[in-house]
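Chain letters run A, B, ... following the sequence lines, proteins first and then strands; every chain starts at 1.
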Amino acid sequence: MELNQLYSEIILEHYQNSPNKKKMDDADIEEKGHNPLCGDTITIYLKMDGDIIKDASFTGQGCAISQASTSMLIDLVKGKKLDEAKKLIQEFTDMLYKRDVDLDDLGDAQALSGVADFPARVKCALLPWKTLEEVMEEKEEGK
Amino acid sequence: MELNQLYSEIILEHYQNSPNKKKMDDADIEEKGHNPLCGDTITIYLKMDGDIIKDASFTGQGCAISQASTSMLIDLVKGKKLDEAKKLIQEFTDMLYKRDVDLDDLGDAQALSGVADFPARVKCALLPWKTLEEVMEEKEEGK
Amino acid sequence: MEKIIDARKIREDFPILKVRPYGKSLIYFDNAATTQKPESVIKAIDDYYSGMNANVYRSAHYLSGVATNAYEEARNRVAKFINAGSENTIIFTRNATESINLVAYTWAMDNINEGDEIILTVAEHHSNILPWQMVADRKGAKLRYVYLNEDSRLDMASYKDMLNSRVKLVAVQHVSNVLGIINPVEEITEMAHKVGAKVLIDGAQSVPHMRVDVRKIGCDFFAFSGHKMMGPMGIGILYVKKELLNSVPPFLRGGEMIDEVYEDRATFAVPPLKFEAGTPNVEGAVGLSAAIEYIEGIGLDNIHSHEAELTQYALEKMREIDFVDIYGPRDMRDRGGVISFNVADIHPHDVSTILDQDGIAIRSGHHCALPLMRYLDVPATCRASFYIYNDMDEVDVFIDSLKNVRKWFKWS
Amino acid sequence: MEKIIDARKIREDFPILKVRPYGKSLIYFDNAATTQKPESVIKAIDDYYSGMNANVYRSAHYLSGVATNAYEEARNRVAKFINAGSENTIIFTRNATESINLVAYTWAMDNINEGDEIILTVAEHHSNILPWQMVADRKGAKLRYVYLNEDSRLDMASYKDMLNSRVKLVAVQHVSNVLGIINPVEEITEMAHKVGAKVLIDGAQSVPHMRVDVRKIGCDFFAFSGHKMMGPMGIGILYVKKELLNSVPPFLRGGEMIDEVYEDRATFAVPPLKFEAGTPNVEGAVGLSAAIEYIEGIGLDNIHSHEAELTQYALEKMREIDFVDIYGPRDMRDRGGVISFNVADIHPHDVSTILDQDGIAIRSGHHCALPLMRYLDVPATCRASFYIYNDMDEVDVFIDSLKNVRKWFKWS
Ligand SMILES: Cc1ncc(COP(=O)(O)O)c(C=O)c1O
Ligand SMILES: Cc1ncc(COP(=O)(O)O)c(C=O)c1O
């Protein structure tokens, strides 16, 4: 795996010019994610319509991988049901652990498959997906 | 160094039949010594006449080396001034650390010189001498 | 009879067993104190420092990735070895003593209060007594002890008597380092849980020698040491039951165990990192992992049978010597490879020094079990403890040497 | 100019430096996190397990004698290395973090009370912050921080302002792991002692790199780690001033640290054993001793000069790159071999990943100094830190790689 795959056009585009990177003032759900080992932080904002993620955005500070990954996740989950989002989280996680998985649903996020070759960076890419997972766990626990 | 020197006649005699091993009810000084690493314990009893050790005895439980060493020490210090006893303690300690020292003053205790070849046992032999040293330190500190 | 374990062949794996004290073959019977290390463990340490060494978790560079993987694989292997379920339940400490102290300083200081009770046994190692004395002292709780029955085993009836709702913790060793008894920890845990008490098992003497399944035992805390199972010194393990893990407060504080740090306050990482402050002993974890691999290669059931065989043989031979007193159970049921004994009229230190001249390493002293010594009414004992590299021939040499001990004292 | 240290030759002593990440020569600039080990240290560990391993102090057999001597010699060597005076003032711990926690849990919990103050600095490592947060929290004491002056050095004037009779402890790092500043600990100690405060120095980043004399400093406690000075992981050191030693209560409780143990109470051994509960890491002590021998063979003054030279060279080259921001003092006065920096528009992790592909190991992140990061107003930094096996050629490769970093991001 080469660096130019890790820092590909599409990842840099999401990192440097994401339209998803903005605060949402009327969000129904606001979930912070933090990677204490490296200091990356993100906040995911969700506007819900029942079970459907009507709108989503994020703010954050961190490396290209974590920020691009968040932007890609936002792209993917907008308009999706929570259940569908859950499936995407699983697929993305599987991709980063090099498990056999169909990548078709993952859209731009497929570009992050190369991170699997940089074990130290896998946590960066997973951060937003884990954060969204926590939203769901909290919802399920009725918090 | 051979075992028959470590467990020589004279050491065994002091260990098995010491006339010094008895409680002294009217002792002026009673000092306990304890080696926590091996569990040896002794109590030294001293009857003082000013600076002179008029009488001495001991009780205790422990290995042949610690008990014989205590009996030999009692033999040596009886009738001695504290200052003289202090000198003996130093000479005995030097002997066990194989430092160059004149052994003449040490009487039977010379027989313990072989313990220096059994590093694990040096502490056993030193126990009573350290205990007597503590008596003196406490005296000096005016306790 | 076919040998389960060929100790002679196994000895080839242990470089230190070629040492010849005073020109004699080394017979190492001090395994309950610490065990020797096979070549594979020594090599794992060498390989670690020669090809993987780095600080873990936080750097993004190559070596740090390699070291982090090695560390986490070790944690994983430990988790599987004792069937912990999740590797998050495995906390690396310095030794079993620190593992127990961790529980004392955190969970116990938070959950044990005035009037509460802690049940120990009189056979506990100091490392499973002193931490609880501290807790009892600071919190106004009460320590109660279970004693032994006439067969030198735990008096199980007294657990029944003592267990009540005031009891917050039962701390008990899995195997005694003096008597060799294997305690019914599963039964004890079940009884304790019925009254709502938590259970800590000191497994320092069990994990190296027998199959241990912490979830089958059902205990809340389980502590052991790497160095007693052919792993390096400086690495210990604390297992904390998953359900409890989050509620245990952190112990040592500093780097690596944090989430956020402000000048006046901090939040903590999730377990197990929350409990591992500062640079961890990656070498120790990697060496321990190699030791587990070695143990698994031989098989814990084989190890246990081998030791049982040796112990039975040694006990029989020792009973034939009329001036030798043996402590501990009379039969081999639930018994590990540890034999404590005394020679009439001769202090254990002298016995040990005399055997040492024949190349035989046994331990003499109180074995960090002074309450038990007082209970047995002896100032100290000798102890022979076996492992996979010992065999019957060595026991024979030991028996011969033992028979001669009194001669040096002109006693016969 | 004649080289003080020939790093190329020294590299021969370090097997790991032959590792080739992604086919590149390894350039290890993560020495502030942990250092690599010379062959002699690896061999000392091997020799220990192949010829000396035993539990220390309590057994009377041959190997135990050998191991005990090795352990005590190591203690002696450490004492001499930092001029501690008596070897009894040297306590072996697991790492610097545990050393500091030991003081926090014992001396501090006993001597710091409501309304008392503890002075830290904003540049402290988490390991010298969190233990004091705990003490402050539990005892109702107040933490106060010294900040930096415009030259990124400790603002000494604020010590003067803050020191008063309520201050019970001043805890300060000897050398910063982020800024490289060498703090005037002797002066700080003198000032603190005048108001009756005790002083703890975190020497994790000084002892490996410069001559340290704890009695000249005059501090009460001094903590450092073996793994940062080419010694093994899992061994740390706490020096406690002789006058204080007896009054510090024990920390971890268990085997080896006792005098007498009864069922309900215990008395403790004299220092340092009182502070070393359970089986000690003899391997770690022996390995550390070999590391000190290696350091002494090279000479701490030489090490310090070598690092100063490298640092100066690297700083000059880095200043020429206009998109690189450097944190820390502008000149070389009282400065260690640690350089923290950032590349404009690129996160430190990305910088680190890109350099890593060229075989260069640097650290990126908050370096366990989040309060300092916040104070510097950066989320994280990159850090290059040097040691004896690094040289100018490596710095050149590093500079070239650094110049290229932005290209990967299509920034130039
Ligand atoms: C300044 C400073 N203090 C303390 C520590 C903690 O050392 P350790 O992780 O070895 O306990 C470190 C190293 O991480 C350090 O750089
Ligand atoms: C039963 C038992 N518990 C605890 C310990 C303490 O282990 P460590 O000294 O490795 O902490 C030991 C060993 O000495 C032991 O035998």
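Distance alone, capped at 3.5 Å, places no donor-acceptor pair between the D:E263 side chain and the C:L143 backbone. Within the 3.5 Å criterion, the main-chain N or O of D:T279 finds a donor-acceptor partner in the side chain of C:N95. The backbone N or O of D:D46 lies less than 3.5 Å from no partner atom in the side chain of C:D46, so there is not a single donor-acceptor pair.
Taking chain D as the reference chain and counting heavy-atom pairs below 4.5 Å, the highest number among C:A204, C:P280, C:A361, C:S64 is found for C:A361. Ranked by heavy-atom pairs shorter than 4.5 Å toward chain C, the options D:G51, D:S352, D:A369 are led by D:G51. For the options C:P131, C:G284, C:S59, C:C368, heavy-atom pairs under 4.5 Å to chain D are most numerous at C:S59. In terms of heavy-atom pairs under 4.5 angstrom with chain C, the leader among D:I42, D:V282, D:L252 is D:L252. Ranked by heavy-atom pairs under 4.5 Å with chain C, the list D:G365, D:P232, D:S364, D:G359 is led by D:P232. Contact count against chain D (heavy-atom pairs under 4.5 Å) is highest for C:I258 among C:I258, C:L120, C:L26. Counting heavy-atom pairs under 4.5 Å between each of D:T35, D:L102, D:T97, D:V122 and chain C puts D:T97 at the top. With respect to chain C, the highest number of heavy-atom pairs below 4.5 Å among D:E256, D:E260, D:R265 belongs to D:R265. Residue with the most contacts toward chain C among D:I129, D:V66, D:V19: D:V19 (heavy-atom pairs, distance under 4.5 Å). Taking C:H349, C:Q36, C:H125 one by one and counting their heavy-atom pairs under 4.5 Å with chain D, the maximum is reached by C:Q36.
Contact annotation for D:Y28: only side-chain heavy atoms (C-beta onward) come within less than 4.5 Å of a heavy atom of chain C. No part of D:P348 comes within reach of chain C, as not one of its non-hydrogen atoms sits under 4.5 angstrom from that chain. Proximity to chain C is limited to the backbone of D:I362, based on heavy atoms less than 4.5 angstrom apart. For D:F92, the part sitting under 4.5 Å from any heavy atom of chain C is the backbone (N, CA, C, O) and nothing else. With a threshold of 4.5 angstrom between heavy atoms, D:R374 approaches chain C through side-chain atoms but not through N, CA, C or O. Proximity to chain D (any heavy atom under 4.5 Å) is shown, for C:Y49, by both the backbone and the side chain. Only the side chain of D:D356 comes within contact range of chain C, with heavy atoms under 4.5 Å apart. Both the backbone and the side chain of D:Y262 come within less than 4.5 Å of a heavy atom of chain C.
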(message) Applying ring pair (Phe, Tyr, Trp, His ring centres under 6.0 Å) to C:F251 and D:F251, what does each step give before you reach the verdict?
(response) CA-CA 12 Å; C:F251 179 36; D:F251 179 38; 5.7 Å; yes
(request) Verify side chain to side chain contact (heavy atoms under 4.5 Å, CB included) between C:L63 and D:I16, making sure each step is shown before the conclusion. (result) CA-CA 10 Å; C:L63 283 178; D:I16 202 171; 3.9 Å; yes
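In terms of heavy-atom proximity, C:E283 sits nearest to D:M233 at N-SD, 3.8 Å. Nearest approach of C:G255 to D:H126, heavy atoms of both residues: N-CB, 3.9 Å. Pairing each heavy atom of D:T353 with each of C:A60, the nearest pair is OG1-CB, 4.2 Å. For the pair C:N53 and D:T34, the tightest heavy-atom approach, listed with the atom from each and the gap, is ND2-CG2, 4.1 Å.
The CD atom of C:E39 lies 6.0 Å from the OG atom of D:S50; values are rounded to the nearest 0.5 Å. Annotation: the span from D:N281 atom CG to C:H227 atom NE2 amounts to 10.0 Å, rounded to 0.5 Å. A distance of 6.0 Å separates CE in D:M257 from CG in C:L130, rounded to the nearest 0.5 Å. Distance OH/C:Y105 to CG/D:N101: 10.5 Å, rounded to 0.5 Å.
The environment of C:K24 atom NZ is dense: over 12 non-hydrogen atoms of other residues, nucleotides or ligands sit within 6.0 angstrom.
Side chains of C:D264 and D:Q133: no donor on one and acceptor on the other come within 3.5 Å.
A perpendicular orientation is assigned to the rings of D:Y62 and C:Y22, their planes being inclined by more than 60° (bins at 30° and 60°).
Of the charged side-chain nitrogens involved, at least one lies within less than 4.0 Å of a carboxylate oxygen, so that C:R94 and D:E98 count as a salt-bridged pair.
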